[in-house]
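Take a look at the structure below.
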Amino acid sequence: MRNKKYHLLPYETIVKAAAGEPEAVNTVIQTYTGYIKYLSYFQGSINNDIQDYLKASLMEALPKFRFCS
């Protein structure tokens, strides 16, 4: 399974997160927390302002996610 190798989110979780279900949104945030911390690393430490901005941007983008059929 490719999802197991790359630790991708299941499609159902993405659909629920886009619909605004709190548990699914939390799962998405938890999945990307490591990457968010990596991106917010600035001048030798994690910048909390950047980290908060990235989390807010992710949460703002979730309802805008478009599904192709």
Side-chain angles (χ1 to χ4, degrees):
M1 281 254 43
R2 277 189 95 139
N3 285 353
K4 299 293 181 191
K5 182 178 178 184
Y6 295 105
H7 305 291
L8 300 176
L9 289 169
Y11 177 78
E12 295 81 18
T13 303
I14 297 169
V15 171
K16 290 177 183 178
E21 186 176 310
E23 288 181 28
V25 171
N26 188 38
T27 300
V28 172
I29 296 296
Q30 292 301 319
T31 300
Y32 290 104
T33 296
Y35 188 56
I36 289 171
K37 284 185 179 184
Y38 171 77
L39 292 174
S40 63
Y41 195 74
F42 182 71
Q43 293 182 349
S45 64
I46 294 175
N47 185 315
N48 289 328
D49 292 333
I50 295 172
Q51 189 172 1
D52 292 343
Y53 172 78
L54 291 171
K55 285 182 183 179
S57 295
L58 178 58
M59 290 177 60
E60 187 178 307
L62 283 172
K64 298 176 186 176
F65 191 82
R66 299 178 114 196
F67 297 97
C68 298
S69 53

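- Take L39 and apply the side-chain contact (heavy atoms from CB on, under 4.5 Å) test, not counting sequence neighbours, and it matches Y35, L54.
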Output side-chain donor-acceptor pairs under 3.5 Å for residues 16-29, partner residues at least two apart or in another chain, one line each.
unit_1, atom_1, unit_2, atom_2, d
T27, OG1, E23, O, 2.9

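- There is a path of hydrophobic side-chain contacts, each under 4.5 Å, that joins Y38 to Y32.
- Distance OG1/T31 to CD1/I14: 9.5 Å, rounded to 0.5 Å.
- Atom CD1 of I50 and atom CD1 of I36 lie 12.5 Å apart (nearest 0.5 Å).
- With a 4.5 Å cut-off on side-chain heavy atoms, Q30 and T33 count as touching.
- Atom CD of E60 and atom OH of Y53 lie 8.0 Å apart (nearest 0.5 Å).
- Taken from NZ in K55 to CG in N48, the straight-line distance is 9.0 Å, to the nearest 0.5 Å.
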